2 protein chains.
Amino acid sequence: MTEPVVAPGRARGGRRDEILVTFTRHVAERGYDRANFGDVAAELGMSKGTIVHHFGTKDRMLAEVQERYMRRRLDEAHAFLGRLSAPDERVAAFVHAGVRYSTDEPATTVAFQREVVRLTDEPGMETARAQRDAYRDLVVAVLQDGAEAGVFVPGDARLRSLQMFGSLHWMWTWFDPAGRLRPADVAAEFTRTLLRGLGVGEERVAAVADPDGPVARCVAEVCAPRS
Amino acid sequence: MTEPVVAPGRARGGRRDEILVTFTRHVAERGYDRANFGDVAAELGMSKGTIVHHFGTKDRMLAEVQERYMRRRLDEAHAFLGRLSAPDERVAAFVHAGVRYSTDEPATTVAFQREVVRLTDEPGMETARAQRDAYRDLVVAVLQDGAEAGVFVPGDARLRSLQMFGSLHWMWTWFDPAGRLRPADVAAEFTRTLLRGLGVGEERVAAVADPDGPVARCVAEVCAPRS
DNA sequence: CTACTCTGCCCGTACGTGCGGTCAGTTCAC
DNA sequence: GTGAACTGACCGCACGTACGGGCAGAGTAG
């Protein structure tokens, strides 16, 4: 569902992408430990051996899922950071982007967020871990800059980033992309509380957090390509 | 570490508590799926059969961990809600309590937070799920009351509670109880950002979020008994 | 065009291992 | 005697993955 398979029949990479997509969904639904080759193979009408042929081990498959996910998030972050320069707009963009992903690529997002903890210790996850650290550094830098520029109240940028990431990474446990709440509305509410909490004035908060405002639109454009 | 074992040698319940404590630590360190009877038994110098004798199945063991954890959190919440009446103080207390637990009972807290997702679907978790819902309802009610009383800016209390829980439940991935950051400081920073974000005035925020202020002390007293 | 070979995708099966859970039996306190 | 605590051997199964082979298309020599 997340990405159209390259082409039916014989295509570059064959059913590789198909396997990754299905595996990702299984991880999202059951978690990594309970996801297994047998079920994925059965669902795709192929042999377990095929999966091994393409990916080698289960670990590497997860690593690839994480790396692809982080790669997209990083590209997207750099894209909207290039278009927005005000710290409060940038923070708002990070929140909007974080929420959007839950709808745009629900399976990949849930799979990633469920299993982020493996980035910290598991070997073979170095690349994904580095990507994640880079992303976190982007956010910390924005918070730091904002505090130094006087846009935000002084405070610990790292702690604030963790507070913010927590809210977003926790979404997978409760957010239903098919539910009544539009992601933009969740993002707006989160952004309002966060920016106000960082000391941004009320009228500015309303403008920047607007679910149909320029920041939301900028993020939407940047994230639009995939679907 | 979390609770003193009832008594050495032959005591009421035998080594039951000991088993639960060790199992909890293993779940905290490796996650439920990778925690296993064999390792727990080996570490305690007993047979796997003993564990089965006391708990029946692995599922029930986890359920008991979750229920004990939630029971304590609920008792504690009712205790400080009984002592504090202002909505902003109550919110601050929830944050302080949430952070405190990461230090007071690190293993149990991590075990719980790692595996909360199982509360939503897994059967046999009804009790723990109900406890968790009750806890969430307490928080939502406080946020709702505060908004209606004009202490907080109007907004979706449920979303705000989820934003708040996210920050706290995410802590297990980064917070090190033995690190340089004191839990009270983390709680204070989180509380400041949150209360300001809810529209509480700056001087009030400073007073309520104070890591050595009355709210923090109240929570400390309520939580003190165990450890 | 034909035949031969090479290569990469894919299949089926089989193996080893780890783990949850069973069970018959022993020890020990009351 | 009675029952709870505990043991250790054992079962069955699920799952990751190793392995040998089949098959289709591309490249190449004649």
Side-chain angles (χ1 to χ4, degrees), chain A residues 5-66 111 114-115 118 122-125, chain B residues 5-66 111 114-115 118 122-125:
Chain A
V5 173
V6 197
R10 279 292 181 284
R12 189 80 217 109
R15 309 232 247 160
R16 197 171 188 282
D17 287 352
E18 223 176 326
I19 295 171
L20 209 59
V21 168
T22 306
F23 176 72
T24 302
R25 210 186 57 247
H26 283 223
V27 171
E29 287 166 3
R30 316 174 198 178
Y32 175 76
D33 285 319
R34 286 165 130 81
N36 61 294
F37 287 1
D39 290 344
V40 172
E43 188 176 318
L44 292 173
M46 67 174 60
S47 157
K48 283 202 289 178
T50 306
I51 300 180
V52 176
H53 166 73
H54 283 294
F55 297 93
T57 69
K58 203 181 166 187
D59 301 349
R60 299 189 66 84
M61 255 179 109
L62 182 66
E64 190 164 332
V65 171
Q66 310 279 55
R114 266 191 104 132
E115 308 295 340
R118 293 182 199 275
E122 230 100 328
M125 290 291 200
Chain B
V5 173
V6 196
R10 279 295 180 283
R12 187 79 215 109
R15 311 229 246 158
R16 198 172 187 282
D17 287 353
E18 222 175 327
I19 295 171
L20 210 59
V21 168
T22 305
F23 176 71
T24 302
R25 207 186 62 246
H26 283 220
V27 172
E29 287 166 4
R30 315 174 197 178
Y32 175 76
D33 285 317
R34 287 166 131 80
N36 60 296
F37 288 178
D39 290 344
V40 172
E43 188 175 319
L44 292 172
M46 67 175 62
S47 155
K48 280 202 298 177
T50 306
I51 300 180
V52 177
H53 168 72
H54 283 293
F55 296 94
T57 68
K58 202 181 166 189
D59 301 349
R60 300 186 66 84
M61 258 178 106
L62 181 66
E64 191 163 331
V65 171
Q66 310 278 57
R114 264 192 105 130
E115 307 296 339
R118 293 183 200 275
E122 231 101 329
M125 291 291 200

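Given the structure is predicted, the values throughout are model-derived calculations rather than measurements. Throughout, a chain's letter reflects where its sequence line sits, starting with A, and its residues are numbered from 1.
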Requested in this report: Mind calculating the distance between CZ (Arg16(B)) and P (dC6(D)) to the nearest angstrom?
Outcome: 11 Å

**Report entry** d(CZ, Arg30(A); P, dC15(D)) in whole Å
**Finding:** 9 Å

Requested in this report: Report yes or no: does Arg15(A) contribute a side-chain atom to a donor-acceptor pair with the main-chain N or O of Leu44(A) at less than 3.5 Å?
Outcome: yes

Requested in this report: Check every strand shown and say whether Phe37(B) touches a base, only sugar-phosphate, or nothing at a heavy-atom separation below 4.0 Å.
Outcome: sugar-phosphate

Query raised in the report: Can you check whether Thr50(A) has a side-chain N or O nearer than 4.0 Å to OP1 or OP2 of dC11(C)?
Result: yes

Query raised in the report: In whole angstrom, what separates Met46(A)'s CE from dG8(C)'s P?
Result: 19 Å

Query raised in the report: Taking OP1 and OP2 of dC9(C), is either one under 4.0 Å from a side-chain nitrogen or oxygen of His53(A)?
Result: yes

Report summary line: Taken to the nearest whole Å, CD/Glu18(A) to C1'/dC10(C) is 13 Å

Requested in this report: Classify the side chain of Lys48(B) and the base of dG20(C) as holding, or not holding, a donor-acceptor pair under 3.5 Å.
Outcome: yes

**Report entry** Nucleotide dT17(D), atom P - distance to CG of Asn36(A) in whole Å
**Finding:** 12 Å

Query raised in the report: Quick one: Asp33(B) CG to dA14(D) P, roughly how many Å, whole number?
Result: 16 Å

Report task. Can you spot which of Thr22(B), Leu20(B), Val21(B), Thr50(B) makes a side chain to side chain contact (heavy atoms under 4.5 Å, CB included) with Val40(B)? Result -> Thr22(B)

Query - Touch class at under 4.0 angstrom, heavy-atom based, for Ala35(B) against every strand present - result: sugar-phosphate

Requested in this report: Nearest whole angstrom, please: distance from the C1' of dA14(D) to the NZ of Lys58(A).
Outcome: 11 Å

Query raised in the report: For the side chain of Tyr32(B) and the backbone of Asp59(B), is there at least one donor-acceptor N/O pair under 3.5 Å apart?
Result: yes

Query raised in the report: Starting at CG of Leu44(B) and ending at P of dA5(D), how long is that distance when rounded to a whole Å?
Result: 16 Å

Report summary line: Looking only at dG8(D), dT22(C), dC11(C), the nucleotide nearest the Ser47(A) side chain is dC11(C)

Query raised in the report: Is the backbone of Phe55(B) close enough, under 3.5 Å, to the side chain of Arg16(B) for a donor and an acceptor to pair up by distance?
Result: no

Requested in this report: Please determine if a side-chain N or O atom of His54(B) lies less than 4.0 Å away from the OP1 or OP2 oxygen of dC6(D).
Outcome: yes

Requested in this report: State plainly whether the residues Arg30(A) and Asp33(B) are in salt-bridge range, i.e. N to O under 4.0 Å.
Outcome: no

Query raised in the report: Under 4.0 Å between a side-chain N or O of Arg15(A) and OP1 or OP2 of dC11(C)?
Result: yes

